[in-house]
Amino acid sequence: RLRKWQERIRTKDAGERNLQFALSEIDRMASALGVPRSVREVASVIYRQALSNDLIRGRSIEGVATSCLYAGCRQEGIPRSLEEVTEVSRVGKKEIGRTYRYIAKELSLEMKPADPKEYVPRFCSDLEVSEEVKMKAIEIIDESAEQGLLSGKSPTGFAAAAIYAASLLCNEKKTQREVAEVAQVTEVTIRNRYQEQIEAMGLN
Amino acid sequence: MTDPKDTINIENVVASTGIGQELDLQSVAMDLEGADYDPEQFPGLVYRTQNPKSAALIFRSGKIVCTGAKSTDDVHESLRIVFDKLRELQIQVNEDPEIVVQNIVTSADLGRNLNLNAIAIGLGLENIEYEPEQFPGLVYRLDEPEVVALLFGSGKLVITGGKKPEDAEHAVDKIVSRLEDLGLLE
DNA sequence: GCTTTAAAAAGTAAGCT
DNA sequence: AGCTTACTTTGTAAAGC
């Protein structure tokens, strides 16, 4: 009995240490990504839910913690792309994506796809463009999404192309390379999305 | 209007069978021309047929998996070739080994573009998986028939997980009627 | 869970000329 | 700027780690 009792404490302590580690990792990554405290709190809540629903077994704590942070950002409307969270995590993009999908399904998070517009404020401030460019980019996203161009496309690439197009239209040109860098997509992707969006706006 | 069912095309059939005889894969690999066998990497020996095109995975137990065929007839024809090749190596092969189709992959075309965002919400976020950042297709799991459909913005789709060709037809019918009910087609 | 095989869908990426 | 190759997703059996 004494042994069982010790084992329980050992297990409880181990579980407590694991939870503390996960939460500190969420904090570390959240700081590195520069997301507000509300996102860390949402991510922590999701992690505790995953824990109580026994979704961690068979998965790395770091992977689950990163996935919860990714989900938290999206739930708070200030998404970070998988590329971005992967940069501050110790696990790979593929594992994060797979773990995120598993947790979202099991916890019925019912996440809507990230809206490209949600990336515009951050990308634009990183590029130091005017409010005018920002508004124009949002206009381009709305119009081209309405015309059905968004289906299947990555939200970051779509946002990046709209910002690039808007910078040209507002005479505040940013190069494809500059936009590609802040959005973490290739110039080829920007070029492809940009062409379609310009056509959709009737600006070609 | 083209009935989406008429655009269905079987792209890949996976089936399993067995010759009812244990095999020494090392010697089979030596005698069978074009065989790929690397037990360190995978326990099965890979043998490819040319006509019809397919890849057979042959195991020590004598069990065989055939993939890549474009129809159930092709699966049988491919495996007949594999059986004959083994017989040429003086290996006993049962008369007519039972061949079980395990999975059929099909493609089809709904003929119109799809708004995947609207479909994700319409079909219910709890029933679908749509992560355009990770993959451009929307994943839709059906209960009846029990298959998985991947829907794309172009209106093209992939149906997998079925065990008979009719599964794909039933799936396409259900998908079309659900999208029509939601007013998300045309 | 992984390893291997096949095939489609469409988006993204990387390497080379 | 292309073109080619390759990776992402889905499902499935096989034997073994």
Side-chain angles (χ1 to χ4, degrees), chain A residues 57-60 81-83 93-95 97-99 101-102 150-158 160 176 180 183-193 196, chain B residues 7-18 22-23 25 36-49 52-71 74-75 78 99-110 113-114 116 129-142 146-163 167-168:
Chain A
R57 204 177 293 176
R59 264 161 276 271
S60 71
S81 67
L82 271 185
E83 290 289 348
K93 183 178 168 180
K94 193 170 169 181
E95 185 188 333
R98 189 175 296 167
T99 303
R101 292 197 308 264
Y102 175 72
L150 183 54
S151 286
K153 268 76 164 207
S154 95
T156 43
F158 208 80
Q176 293 180 359
Q184 294 275 260
V185 297
T186 63
E187 294 162 73
V188 177
T189 296
I190 291 183
R191 241 172 266 135
N192 292 335
R193 296 308 133 245
E196 299 174 348
Chain B
T7 68
I8 291 179
N9 191 25
I10 294 179
E11 306 287 355
N12 182 21
V13 178
V14 179
S16 60
T17 187
E22 291 246 333
L23 292 168
L25 293 184
D36 287 340
Y37 181 48
D38 184 359
E40 303 286 295
Q41 191 173 119
F42 188 68
L45 179 155
V46 182
Y47 180 71
R48 286 162 226 276
T49 62
K53 195 178 161 194
S54 76
L57 305 178
I58 305 172
F59 298 87
R60 179 187 43 72
S61 64
K63 291 190 176 179
I64 300 174
V65 171
C66 178
T67 68
K70 292 287 185 188
S71 69
D74 281 359
V75 166
S78 291
I99 295 173
V100 181
V101 173
Q102 304 287 357
N103 183 29
I104 296 180
V105 181
T106 299
S107 65
D109 190 352
L110 298 181
N113 291 336
L114 301 175
L116 299 183
E129 197 174 292
Y130 176 46
E131 291 292 333
E133 189 186 340
Q134 301 179 53
F135 185 69
L138 180 153
V139 183
Y140 184 35
R141 293 183 160 77
L142 302 252
E146 197 176 328
V147 300
V148 173
L150 305 179
L151 314 192
F152 296 87
S154 64
K156 300 264 183 68
L157 52 128
V158 170
I159 292 167
T160 186
K163 300 215 183 289
D167 289 342

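We name chains A, B, ... by the order of the sequence lines, and we start the count at 1 in each one.
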Next on the checklist: Pairing check on dG11(D): which nucleotide meets the Watson-Crick or G-U wobble criteria with it, both distances under 3.5 Å?
Outcome noted: none

Go through [options] for me and flag the one nearest to the [X] side chain.
| X | options | value |
| --- | --- | --- |
| Phe42(B) | dA13(C), dT12(D), dT3(C) | dT3(C) |
| Gln102(B) | dT3(C), dA8(C), dA13(D) | dA13(D) |
| Lys153(A) | dT12(C), dT9(D), dA6(C) | dT12(C) |

Item to check | 5' priority, DNA chain D, between Phe152(B) and Val14(B) [closest heavy atom] | outcome: Phe152(B)

Checklist entry - Nearest nucleotide by nearest heavy atom, which residue falls closer to the 5' end of DNA chain D, Pro43(B) or Arg191(A)? => result Arg191(A)

Checklist entry - Do any N or O atoms from the side chain of Thr189(A) and from the backbone of Val185(A) form a donor-acceptor pair under 3.5 angstrom? => result no

Next on the checklist: Test your reading of the model: is there a side-chain donor-acceptor pair from Asn12(B) to the backbone of Gly68(B), 3.5 Å cut-off?
Outcome noted: yes

Base, sugar-phosphate, or nothing: which does [X] touch, judged by heavy atoms less than 4.0 Å apart?
| X | answer |
| --- | --- |
| Arg101(A) | sugar-phosphate |
| Val148(B) | sugar-phosphate |
| Gly152(A) | sugar-phosphate |
| Ser154(B) | sugar-phosphate |
| Thr160(B) | base |
| Arg193(A) | sugar-phosphate |
| Ser61(B) | sugar-phosphate |
| Val185(A) | sugar-phosphate |

Checklist outcome for this item: Assign each of Asn12(B) and Arg98(A) the nucleotide of DNA chain C bearing its closest heavy atom; nearer the 5' end lies the nucleotide of Arg98(A)

Next on the checklist: Quick check on DNA chain C: between Pro132(B) and Phe59(B), whose nearest nucleotide comes earlier from the 5' end?
Outcome noted: Phe59(B)

Checklist entry - Please walk me through it: do Gln184(A) and Ser81(A) pass side chain to side chain donor-acceptor pair (under 3.5 Å)? => result CA-CA 8 Å; Gln184(A) 294 275 260; Ser81(A) 67; over 6 Å; no

Next on the checklist: Would you measure the distance from the C1' atom in dG2(D) across to the matching atom in dA9(C) and give it in whole Å?
Outcome noted: 23 Å

Next on the checklist: Give me the distance, rounded to whole Å, that separates dT9(D) from dA13(C) when you measure between the P atoms they each carry.
Outcome noted: 15 Å

Does [X] put a side-chain nitrogen or oxygen below 4.0 Å from OP1 or OP2 of [N]?
| X | N | answer |
| --- | --- | --- |
| Arg141(B) | dG11(D) | yes |
| Lys156(B) | dA8(C) | no |
| Ser154(A) | dT12(C) | yes |

Item to check | Worked verdict on Glu133(B) versus Ser154(A) for side chain to side chain donor-acceptor pair (under 3.5 Å) | outcome: CA-CA 4 Å; Glu133(B) 189 186 340; Ser154(A) 95; over 6 Å; no

Item to check | Gln134(B) side chain to Arg98(A) side chain, donor-acceptor N/O pair below 3.5 angstrom | outcome: no

Next on the checklist: What is the separation between atom OH on Tyr37(B) and atom C1' on dT3(C), rounded to the nearest whole Å?
Outcome noted: 14 Å

Checklist outcome for this item: Whole-Å distance, Leu23(B) CG to dA15(D) P, equals 11 Å

Next on the checklist: Using side-chain heavy atoms (C-beta onward) and a distance below 4.5 Å, is Phe59(B) in contact with Leu57(B)?
Outcome noted: yes

